[in-house]
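Structure first, commentary second.
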Number of protein chains: 2
Amino acid sequence: MKLTSKGRYAVMALADLARFDNINPVSLRDISLRQGISLDYLEQIFSKLRKKEIVQSVRGIQGGYILNKKAKEIKLNNIFDAVDEKVKTVKCKKESKKGCNGKLTKCLTHNLWDELENHINNFFNEKSLEDLVKDNSEKRI
Amino acid sequence: MKLTSKGRYAVMALADLARFDNINPVSLRDISLRQGISLDYLEQIFSKLRKKEIVQSVRGIQGGYILNKKAKEIKLNNIFDAVDEKVKTVKCKKESKKGCNGKLTKCLTHNLWDELENHINNFFNEKSLEDLVKDNSEKRI
DNA sequence: ATAAACCTGAGTAAAATAGTCAAGTATCAT
DNA sequence: ATGATACTTGACTATTTTACTCAGGTTTAT
Ligand code: FES
Ligand code: FES
């Protein structure tokens with residue numbers, strides 16, 4: 001059970017963006033340099049974030065990205081969703097009537113994994129970008 | 001973020017074992033048939049479970065495996081540990097002084113991932129095999 | 001005009017996963 | 001004794017996923 005780079009970098013990059021987007025758009029190049037993430041990879045990630053309306057782009061020179069909502073309103077959940085980092089614990093298709101064994105009953109562990117999935121998603125639903133930035137600025141004092 | 005087969009099958013197999021180990025050892029062949037898990041794969045898994053003293057083996061005809069502790073005392077945590085299904089959310093080495101960026105400070109998101117890791121592990125620490133079996137026998141009534 | 005920066009899609013190397021395969025050894029029922 | 005059952009071990013491999021890279025655009029401030 002591990003976090004993938006895509007999810008990790010998306011959150012990292014947005015945390016960076018949230019800290020610096022006060023006045024001007026933030027360029028991916030800057031984020032790339034500050035966070036040590038490949039520029040090409042960032043572009044992939046931000047393309048998805050833009051499509052899900054988490055960020056807005058500003059083209060041209062001096063351009064970059066800005067948050068499309070308040071940091072408080074951007075939950076980790078939204079970010080993960082945008083970059084397709086999904087929490088998947090059950091093996092069966094949830095909406096299907098069939099269990100992972102192909103039978104009509106759910107397997108012995110289905111409920112357990114389902115609980116786990118909820119447990120993890122609760123965490124992601126509660127944490128916002130703001131929490132992240134706050135947490136870090138507090139630490140810097 | 002997903003669960004791997006190894007972890008999933010380990011828990012599935014042990015849940016099966018916990019339900020049937022009243023009198024006789026349970027053979028992997030039976031578990032394989034009931035749960036639809038490849039016998040060869042089960043052998044890999046149970047080898048690890050035995051080394052971590054979660055199950056005991058009984059060789060020869062009519063042999064199989066039995067739980068080495070009460071179902072109540074076997075936490076998901078122990079199982080996952082045994083089969084090397086580890087929860088890994090931070091990118092850096094935890095004990096290292098360096099962050100994932102190579103710098104001496106931890107990255108913006110380090111604390112977040114650490115919290116997440118704890119959050120997930122709490123779940124695994126609380127759930128026991130007994131919970132699983134109970135949950136399922138209740139459902140069957 | 002030109003350089004900074006966004007935008008898009010394809011392609012690929014490496015790692016992890018999810019097994020399979022082969023060749024044993026121990027024990028028990030008969 | 002002996003054959004069948006079932007555990008034991010280690011190597012091997014196909015598939016999938018991940019984590020990028022690369023190449024070629026388009027937009028816009030200066
Ligand atoms: S995970 Fe849903 S039935 Fe097994
Ligand atoms: S994850 Fe620990 S420093 Fe980035």
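Below, chain A is the first sequence line, B the second, and so on; all start at residue 1.
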List for me each residue that meets side-chain contact (heavy atoms from CB on, under 4.5 Å) alongside [X], sequence neighbours excluded, and say none if there are none.
X	result
A:T105	A:K103
B:K127	A:L112, A:E115, B:L76, B:F123, B:D131
A:K70	A:E73
B:L3	A:M1, A:W113, B:R8, B:F80, B:E85

query: Does B:Y9 or A:G64 map to a spot on DNA chain C nearer the 5' end, using the closest nucleotide for each?
result: A:G64

query: 5'-most contact on DNA chain C: A:M1 or A:Q62, nearest heavy atom basis?
result: A:Q62

d([atom1], [X]; [atom2], [N]) in whole Å:
X	N	atom1	atom2	result
A:N24	C:dA5	CG	P	11 Å
B:D30	D:dA6	CG	P	7 Å
A:R29	C:dA5	CZ	C1'	10 Å
A:I61	C:dA4	CD1	P	6 Å

message: Checking side-chain polar atoms at under 3.5 Å, does B:N68 have a donor or acceptor matched by the opposite partner on B:E53?
response: no

- request: Could you check B:K91 against B:Y65 and say which one's nearest nucleotide on DNA chain D is further toward the 5' end?
  value: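 Going by which nucleotide is closer to the 5' end, it is B:Y65.
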
Interface with DNA chain D, restricted to residues 38-60 of chain A and to heavy atoms under 4.0 Å: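 A:S38, A:D40, A:Y41, A:Q44, A:R59, A:G60, in order of number.
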
- request: Measure from the side chain of A:K2, starting at C-beta and using heavy atoms only, and say which of C:dA18, D:dC7, C:dA16 lies closest.
  value: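 Of C:dA18, D:dC7, C:dA16, C:dA16 is nearest to the side chain of A:K2.
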
side-chain hydrogen bond (donor to acceptor under 3.5 Å, both in side chains) against A:K75, all qualifying residues, sequence neighbours excluded: none

- prompt: Hey, does the side chain of A:S27 come within less than 4.0 Å of C:dA4's phosphate (OP1/OP2), counting only N and O?
  reply: no

